[in-house]
Amino acid sequence: MKAGRLLRIRTGGLSLTELLLGLAIGALVLAPLAPILQSAGASARVAEDRVALEREADFALERIAARIRNTAVPPDLADKPARDLLKPAVYSVTADGMLVEQQGKDSYVLAESVSDFSLAATVPESGQPLVKVSLSLTRNSGTVATATATASVRLGSAL
């Protein structure tokens with residue numbers, strides 16, 4: 001027999017060295033992607049927090065706006081501050097940042113993480129008061145997410 005015929009002919013596959021070299025090259029190519037994926041995850045968390053804050057702010061504003069629309073215009077409008085226009089409901093922000101609606105003995109939390117809340121009433125020449133409600137929410141859960149919402153509603157417009 002000839003010596004050339006005894007040699008095996010390689011039919012396919014990778015050697016262990018080739019496989020390890022391919023894995024090392026792949027790791028070098030993918031290594032810079034880790035910080036990009038981390039920043040994308042952080043951005044997604046901020047966006048998720050912001051959407052949740054916007055929903056919470058919209059809920060609170062809709063509830064307050066409905067109360068404003070259903071409140072009759074008082075005869076002594078000039079003497080009342082904006083916060084007193086909506087009585088018997090009273091809106092306040094607690095020390096831990098919760099917007100609370102109080103109606104008699106009942107209290108309802110409308111929003112959490114409140115950083116600013118204001119009610120301002122103006123009386124235009126038409127005589128029907130316009131109440132502007134402004135609400136800012138801020139959540140700091142590793143990253144800061146904020147949402148601000150405002151609404152202008154005519155007092156007694158649903159009556």
Side-chain angles (χ1 to χ4, degrees), residues 19-20 22-159:
L19 184 61
L20 289 175
L23 286 172
I25 291 172
L28 288 174
V29 169
L30 294 176
L33 293 179
I36 294 171
L37 292 175
Q38 287 176 341
S39 67
S43 296
R45 282 188 296 279
V46 169
E48 183 179 326
D49 279 349
R50 185 173 186 156
V51 167
L53 288 176
E54 287 174 356
R55 282 187 192 145
E56 199 170 342
D58 287 344
F59 168 77
L61 281 183
E62 281 300 317
R63 175 117 179 193
I64 295 169
R67 166 80 53 200
I68 293 169
R69 283 187 207 96
N70 291 324
T71 300
V73 180
D76 56 344
L77 182 64
D79 300 334
K80 288 193 172 195
R83 289 190 181 264
D84 292 344
L85 289 176
L86 303 176
K87 284 196 173 178
V90 176
Y91 298 95
S92 61
V93 178
T94 64
D96 55 345
M98 290 193 284
L99 176 61
V100 177
E101 176 186 63
Q102 191 167 1
Q103 297 178 20
K105 294 180 182 180
D106 297 328
S107 294
Y108 306 98
V109 175
L110 299 183
E112 297 176 348
S113 306
V114 176
S115 57
D116 185 40
F117 173 70
S118 66
L119 283 170
T122 58
V123 182
E125 291 182 19
S126 65
Q128 194 170 15
L130 186 65
V131 179
K132 182 176 180 182
V133 183
S134 177
L135 178 63
S136 295
L137 304 171
T138 303
R139 186 173 293 155
N140 189 356
S141 55
T143 54
V144 178
T146 61
T148 302
T150 59
S152 296
V153 184
R154 296 250 178 233
L155 188 66
S157 60
L159 299 177

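Keep in mind that what you see is a predicted model, and the values were worked out from it rather than measured. For the numbers below, each heavy atom of this structure counts, side chains included, while hydrogens, waters and symmetry mates do not. In what follows, residues are counted from 1 in the order of the sequence shown.
Interatomic distance, S152 OG to K132 NZ, rounded to the nearest 0.5 Å: 6.0 Å. One finds the CG atom of L130 at 4.5 Å from the OG1 atom of T122 (value rounded to the nearest 0.5 Å). Within the model, atoms CZ of F117 and CD1 of I64 stand 4.0 Å from one another, a figure rounded to the nearest 0.5 Å. T146 contributes atom OG1, which lies 10.5 Å from atom CG of D49 (distance to the nearest 0.5 angstrom). Atom CD of E54 is separated from atom OG1 of T148 by 9.0 Å, given to the nearest 0.5 angstrom. For the atom pair E56 CD and L61 CG, the distance stands at 11.0 Å (nearest 0.5 Å).
Contact record, A145 with L53: O-CD1, 3.2 Å, taken as the closest heavy-atom pair. Between L137 and E112, the closest heavy-atom pair is CD2-O, 3.3 Å. Here the shortest heavy-atom pairing between L110 and F59 reads O-CD2, 3.6 Å. In terms of heavy-atom proximity, M98 sits nearest to D96 at CE-OD2, 3.3 Å. Pairing each heavy atom of D58 with each of A149, the nearest pair is OD1-CB, 4.5 Å. Taking all atoms of both residues into account, the shortest heavy-atom contact from A60 to L135 is CB-CD2, 3.7 Å.
Looking only at distances, a side-chain donor or acceptor of S115 sits under 3.5 Å from a matching main-chain atom of S136.
Around the CD atom of E48, the shell of radius 6.0 Å holds no more than 12 heavy atoms that belong to other residues, nucleotides or ligands.
Figure legend: cation-pi geometry between R63 and Y108, with NZ or CZ positioned under 6.0 Å from the six-membered ring centre and within 45° of its axis.
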